[in-house]
Number of protein chains: 2
Amino acid sequence: MARIVDVANLAGVSTATVSRVLNGKNVRPELASAVRDAVMELGYSPDRTARSLRRRHSEVIALVLPDVENPFFTAVARGVEDVALEAGFSVVLCNTDDRPDKEERYLAVAHDEKMAGVVLAPATSTPPIDRLVGNGRSVVVIDRRVTHAVDQVTFDNRSLGYRATRALVERGFRRIACVTGPATTSTAVDRADGWRQALEDAGLVADDGLLVHANFRVDGGYEALGALLGRSPAADAVLATNNLAGVGVLRALADRHGGPLPGPDANRRSPGPELGVGIVGDLPFATSRTSDVVLVPLNPRDLGVTAARLLLDRISGDDTPARHVVQATEDAAAVVQAAR
Amino acid sequence: MARIVDVANLAGVSTATVSRVLNGKNVRPELASAVRDAVMELGYSPDRTARSLRRRHSEVIALVLPDVENPFFTAVARGVEDVALEAGFSVVLCNTDDRPDKEERYLAVAHDEKMAGVVLAPATSTPPIDRLVGNGRSVVVIDRRVTHAVDQVTFDNRSLGYRATRALVERGFRRIACVTGPATTSTAVDRADGWRQALEDAGLVADDGLLVHANFRVDGGYEALGALLGRSPAADAVLATNNLAGVGVLRALADRHGGPLPGPDANRRSPGPELGVGIVGDLPFATSRTSDVVLVPLNPRDLGVTAARLLLDRISGDDTPARHVVQATEDAAAVVQAAR
DNA sequence: CCGTTAGCAGCAATCGATTACAGCACGACG
DNA sequence: CGTCGTGCTGTAATCGATTGCTGCTAACGG
């Protein structure tokens with residue numbers, strides 16, 4: 001491994017000059033090109049560890065996610081990654097499984113490794129980011145709101161829940177249940193609020209018997225549907241407020257030999273109880289026709305891009321007060337989306 | 001941020017002693033506890049950057065994957081992560097999109113960041129790992145075989161293709177097509193070889209008109225099915241050799257108003273051409289009943305665990321000749337798997 | 001009682017890049 | 001012609017932890 005002194009010797013200059021050339025400071029042109037030649041000849045690339053030690057932070061940013069197996073979050077990761085790489089940063093992906101202890105550990109690692117910043121989809125509304133923030137590290141929270149005064153990027157979750165519900169209403173459904181996530185996550189609560197509001201605006205009932213707090217995973221949606229089917233009066237449609245819960249709901253319906261209904265008046269294509277289904281989110285790995293499902297697609301990649309841009313701004317010194325960005329979604333999503 | 005000298009001063013010892021206590025060398029007990037008290041009091045944690053500089057490698061391992069959005073690879077990531085964290089390493093996830101240029105870039109980053117090792121699912125059969133290996137860095141290749149003499153962990157892909165095909169044969173299918181991945185990946189080729197062998201063993205034809213090389217993504221499977229349906233004599237079943245291609249096949253069938261067949265003799269449940277379907281892999285986000293699909297489930301998490309263990313061995317100095325581990329799959333998978 | 005050795009602690013060098021500061025050359029200006 | 005300023009370049013300190021080497025202490029054997 002060539003070191004900076006090797007380059008300096010070969011080019012006949014000091015290490016300081018080599019460093020300056022590599023970092024774009026002013027250096028006499030002929031020396032600069034001598035340095036560049038030497039760099040090429042030796043195949044030199046700076047030791048990032050040494051650089052980080054000196055610069056007091058590394059060129060790595062941490063992306064801390066509740067579930068890297070959820071396609072929503074992997075798409076976020078893509079967005080963050082693309083922006084970060086462009087700017088010369090590497091991205092570390094960390095899984096918390098929505099567990100505060102794992103979250104804390106990863107945030108500690110991010111801190112101790114002197115990572116330049118953190119993009120965090122928090123497990124709770126009060127993640128332990130004080131030490132990071134206190135030590136001047138940049139943090140951007142995504143997807144779920146937190147109480148800290150840090151940059152945040154979320155969707156307009158209330159509106160998402162509202163739009164999905166209204167689309168079901170427009171298809172003629174009247175008793176629309178809601179399967180949402182833990183009451184501790186703002187996304188679950190906000191989307192359910194949108195559901196409630198849409199029902200009220202349509203003059204329909206939104207009683208608590210129609211609202212189920214499950215988890216935001218496939219099993220949660222699956223079981224929630226079972227619970228809903230036992231109740232009376234029965235619902236004629238279900239809104240799942242995230243993608244995996246939606247998968248669970250669809251799977252539960254498929255297992256009951258039915259499928260989602262295009263609308264209550266359409267011909268049923270198979271026996272058994274069927275329900276209208278709305279989902280906030282996308283189904284990238286669906287194996288059935290989903291054109292009968294009301295989907296409100298999200299753009300998680302854009303969420304990641306926005307968050308990464310915000311973070312890079314902060315890293316390069318932006319110290320304006322914390323912002324809360326509401327990530328726009330496609331307007332087309334506001335209408336009934338009969339998509340794949 | 002407390003530094004090691006602060007701890008040393010508070011404990012009344014030298015920095016060397018603090019370092020030794022923290023790294024489990026022999027130190028007089030009373031000094032050791034004084035150091036530990038000081039560490040607690042100051043909330044000290046060592047600067048990993050400085051440590052890496054001195055130790056000449058960091059405690060980070062890179063996991064370079066073709067597609068972090070593929071549930072197969074995210075499951076691998078889980079396995080690697082769990083083992084690595086346990087051993088005090090952090091895991092960096094990198095996406096190559098199966099593109100050699102991105103792969104090269106990430107491998108270069110892994111090298112320059114002095115990462116302790118790399119787990120690589122290669123984009124080609126000759127990934128640029130020579131510099132890493134040449135500089136003594138540990139590398140474990142997974143999923144696909146490469147020509148280098150490095151540790152490798154793969155499934156028995158020939159057997160996987162064989163078992164899936166035989167299960168279809170046992171269900172009574174006779175003209176079984178195969179949708180596999182690029183001919184440049186060993187997984188695609190090996191699984192297709194298994195398919196061919198199973199057909200021959202059953203006395204059936206495996207002509208090239210039944211074999212389609214697509215990509216290993218959803219669109220590849222989708223389009224391949226369309227291509228197959230146009231051919232004659234028509235196939236009565238399809239084997240998809242990976243999970244996403246399988247999703248594409250199922251989706252294409254769903255769009256044709258059909259679904260997978262339990263067997264040629266069963267009652268068709270809806271009009272239109274239907275096919276038996278076999279898939280090597282799992283469908284974690286399927287939205288339809290998959291009990292009619294022949295699935296040969298994999299255990300990608302175990303693949304990750306195995307690879308990580310191998311890598312950690314290498315990192316801690318194991319320099320035996322390169323090994324090629326064939327990751328075992330559940331034996332139950334050898335029989336027809338009518339699973340979710 | 002002295003010499004030898006083992007065990008432990010401390011000093012200082014070290015990893016490799018960055019950067020404050022000093023020094024030097026050259027031009028402008030009084 | 002001397003002074004000052006400007007703009008590079010080089011020297012050496014610095015980031016913080018680890019570790020080779022030295023030296024001290026204490027125990028043990030002769």
Side-chain angles (χ1 to χ4, degrees), chain A residues 1-36 38-39 42-60 88 109 111-116 135-137 316, chain B residues 1-36 38-39 42-60 88 109 111-116 135-137 315-317:
Chain A
M1 283 295 294
R3 294 160 308 153
I4 198 170
V5 289
D6 303 325
V7 176
N9 290 341
L10 184 58
V13 299
S14 73
T15 61
T17 299
V18 175
S19 173
R20 286 192 265 259
V21 171
L22 265 39
N23 291 288
K25 320 266 170 137
N26 271 350
V27 167
R28 194 146 38 98
E30 58 267 34
L31 290 194
S33 66
V35 167
R36 271 187 283 272
V39 166
L42 294 174
Y44 168 77
S45 70
D47 183 310
R48 310 246 204 154
T49 310
R51 169 177 289 179
S52 301
L53 176 61
R54 184 62 226 233
R55 289 216 180 133
R56 327 274 318 228
H57 70 82
S58 75
E59 257 108 14
V60 175
V109 169
H111 181 274
D112 296 345
E113 289 272 6
K114 291 195 168 10
M115 296 186 188
N135 282 93
R137 237 59 81 59
S316 52
Chain B
M1 282 298 290
R3 293 159 310 151
I4 198 171
V5 289
D6 303 325
V7 176
N9 290 341
L10 184 58
V13 299
S14 74
T15 61
T17 300
V18 175
S19 173
R20 286 193 264 258
V21 171
L22 266 40
N23 290 289
K25 320 266 170 138
N26 271 349
V27 168
R28 197 149 34 102
E30 58 267 34
L31 290 194
S33 65
V35 167
R36 270 188 283 270
V39 166
L42 295 173
Y44 169 77
S45 71
D47 183 310
R48 311 242 203 159
T49 310
R51 168 179 291 178
S52 302
L53 176 61
R54 183 60 225 235
R55 289 216 181 133
R56 330 269 321 222
H57 71 81
S58 74
E59 257 107 15
V60 175
V109 169
H111 181 272
D112 296 346
E113 291 271 5
K114 290 195 171 11
M115 295 186 188
N135 282 94
R137 237 59 82 60
I315 288 173
S316 51

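Convention: sequence-line order gives letters A, B, ...; per-chain numbering from 1.
Residue-to-nucleotide proximity on DNA chain D shows that, of Leu22(B) and Ser14(A), the 5′-proximal contact is made by Ser14(A). Both Ala16(B) and Ala50(A) lie near DNA chain C, and the one whose nearest nucleotide falls closer to the 5' end is Ala16(B). Of the two residues near DNA chain C, Val13(B) and Lys114(B), the one whose nearest nucleotide lies more 5' is Val13(B).
The Lys25(B) side chain lies nearest to dT19(D) when the options are dT19(D), dA17(C), dC11(C). In this structure, of dG16(D), dT18(D), dT9(D), it is dT9(D) that holds the atom nearest to the side chain of Leu31(A). Nearest to the side chain of Arg51(A), among dA17(C), dA9(C), dC15(C), sits dA17(C).
In this structure, the CG atom of Asp47(B) is 18 Å from the P atom of dC15(C), given to the nearest Å. Separating the CZ atom of Arg55(A) from the C1' atom of dT18(C) is a distance of 8 Å, rounded to the nearest angstrom. The nearest whole Å value for the distance from the CG atom in Leu42(B) to the P atom in dG16(D) is 14 Å. One interatomic measurement links the two molecules: CD1 of Ile4(A) to C1' of dT11(D), which rounds to 14 Å at whole-angstrom precision. As a whole-Å value, the separation of Asn23(A) CG from dC8(D) P is 16 Å.
Residue Arg28(A) places no side-chain N or O under 4.0 Å from the OP1 or OP2 atom of dC8(D). Between Thr15(B) and the phosphate of dA17(D), there is no side-chain N or O to OP1/OP2 separation shorter than 4.0 Å.
Minimum interatomic distance between Arg51(A) and Asn23(A) (heavy atoms only, all atoms of both residues): NH2-OD1, 4.1 Å. What you find for Asn135(A) and His111(A) is that their closest heavy atoms are OD1-NE2, 3.3 Å. Between Thr49(A) and Ser52(B), the closest heavy-atom pair is CG2-CB, 3.4 Å.
Counting non-hydrogen atoms under 4.0 angstrom, Arg20(A) reaches a base of the nucleic acid. Here Ser19(A) lies in heavy-atom contact (under 4.0 Å) with a base. Within the nucleic acid shown, Val27(A) comes within 4.0 Å of sugar-phosphate atoms alone, with no base atom in reach, counting heavy atoms only.
Within 3.5 Å, a donor on the side chain of Arg54(B) pairs with an acceptor on the base of dT14(C), or the reverse.
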